[in-house]
Amino acid sequence: QGQLVESGGGLVQAGGSLRLSCAASLSIFSIDTMGWYRQAPGKQRELVATITSGYITKYSDSVKGRFTISKDNAKNMVYLQMNNLKPEDTGVYYCNANSPYYVIDYWGKGTLVTVSS
């Protein structure tokens with residue numbers, strides 16, 4: 001079974017930057033979609049960004065232009081570069097690997113990002 005471990009979260013002031021990392025114990029080369037999701041207290045988990053096996057990226061409107069998702073298949077790593085952070089970005093960020101063909105839908109335990117005003 002695969003395992004995802006997030007890191008890089010922390011406390012930053014508004015306008016600052018963080019880079020989140022997701023280390024996968026499985027090969028992500030054939031994973032259809034790697035993604036980052038986040039959940040703020042009292043809110044539903046929401047999609048932040050995704051990247052496909054073909055390196056096509058998508059972003060939620062709230063982060064587009066500020067966040068960048070990337071991956072390194074050789075290292076089995078996925079990243080989320082977050083710039084110009086806002087207090088509304090605060091939440092637990094989760095890494096996800098989804099590939100229906102291989103019956104894969106893995107989630108990490110999350111890393112907390114707190115943005116102060």
Side-chain angles (χ1 to χ4, degrees):
Q1 299 291 335
Q3 184 177 16
L4 306 176
V5 180
E6 303 95 336
S7 62
L11 174 64
V12 297
Q13 291 187 328
S17 299
L18 282 175
R19 189 179 80 155
L20 305 183
S21 298
C22 173
S25 64
L26 72 160
S27 174
I28 66 171
F29 178 80
S30 297
I31 299 298
D32 288 340
T33 306
M34 299 297 301
W36 287 96
Y37 294 72
R38 69 186 181 190
Q39 186 171 23
K43 295 185 177 181
Q44 296 183 23
R45 185 176 299 186
E46 64 176 351
L47 188 150
V48 176
T50 58
I51 183 167
T52 70
S53 60
Y55 291 88
I56 297 174
T57 60
K58 292 183 178 180
Y59 301 90
S60 68
D61 290 339
S62 63
V63 308
K64 194 170 186 177
R66 299 187 297 120
F67 291 10
T68 302
I69 187 171
S70 61
K71 66 173 182 174
D72 186 333
N73 287 341
K75 298 182 182 296
N76 291 320
M77 295 287 291
V78 184
Y79 308 98
L80 184 68
Q81 179 65 48
M82 305 185 294
N83 297 325
N84 191 24
L85 284 161
K86 304 175 180 180
E88 64 197 68
D89 295 319
T90 294
V92 178
Y93 283 69
Y94 299 90
C95 182
N96 172 254
N98 186 262
S99 189
Y101 181 83
Y102 294 106
V103 196
I104 289 175
D105 189 20
Y106 299 153
W107 293 88
K109 294 182 179 180
T111 184
L112 178 63
V113 172
T114 303
V115 184
S116 62
S117 60

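Basis for what follows: all heavy atoms, side chains included, without hydrogens, waters or symmetry-related copies. All values derive from a computational prediction rather than experimental measurement.
- Under the side-chain hydrogen bond (donor to acceptor under 3.5 Å, both in side chains) criterion, the residue pairs touching residues 87-99 are R38-D89, R38-Y93, R66-D89, N96-D105, N98-D105, with sequence neighbours excluded.
- With rounding to the nearest 0.5 angstrom, the NZ atom of K71 is 15.5 Å from the OG atom of S21.
- In the hydrophobic clustering of ILVMFWY residues, with side-chain heavy atoms under 4.5 Å counting as a link, Y106 and M77 come out apart.
- Side-chain atoms of S53 and I31, non-hydrogen and from C-beta on, never get closer than 4.5 Å to each other.
- The two atoms that bring T50 and T33 nearest to each other are CB-CG2, 3.7 Å, heavy atoms only.
- The hydrophobic clustering, which links ILVMFWY residues whose side-chain heavy atoms are closer than 4.5 Å, places V113 and V92 apart.
- Side chains of I51 and Y59 form no contact here, defined as non-hydrogen atoms less than 4.5 Å apart.
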Q.
Using side chain to side chain contact (heavy atoms under 4.5 Å, CB included), reason through S27 and N76 one step at a time and then give a plain yes or no.
A. CA-CA 6 Å; S27 174; N76 291 320; 4.2 Å; yes

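- Scanning all heavy atoms of the two residues, the minimum distance from G110 to E6 falls at N-OE1, 2.8 Å.
- The minimum heavy-atom distance linking Q81 with S17 is given by the pair NE2-CB, 4.1 Å.
- For the atom pair K86 NZ and S117 OG, the distance stands at 14.0 Å (nearest 0.5 Å).
- Not counting sequence neighbours, Y79 has no partner by the ring pair (Phe, Tyr, Trp, His ring centres under 6.0 Å) test.
- Looking at C95 and W107, their side chains never come closer than 4.5 Å, going by heavy atoms from C-beta outward.
- Under a hydrophobic clustering in which Ile, Leu, Val, Met, Phe, Trp and Tyr are joined whenever their side-chain heavy atoms come within less than 4.5 Å, directly or via other members, Y101 and L26 fall into the same cluster.
- Contact detail for W36 and C22: the closest heavy-atom pair is CZ2-CB, 3.6 Å.
- Hydrophobic clustering keeps L80 apart from V5 (ILVMFWY residues linked when any side-chain heavy atoms are closer than 4.5 Å, directly or through intermediates).
- Shortest non-hydrogen contact noted between V63 and V48 is CG2-O, 3.6 Å.
- Once rounded to the nearest 0.5 Å, the distance linking CD1 of I28 with NZ of K75 reads 11.5 Å.
- Counted within 6.0 Å of OH on Y55, heavy atoms from surrounding residues, nucleotides or ligands total more than 12; the atom is thus considered enclosed.
- When all heavy atoms are compared, the tightest approach of L4 to M34 is CD2-CE, 4.4 Å.
- Taking CZ from F67 and OG from S60, the interatomic distance works out to 7.5 Å, rounded to the nearest 0.5 Å.
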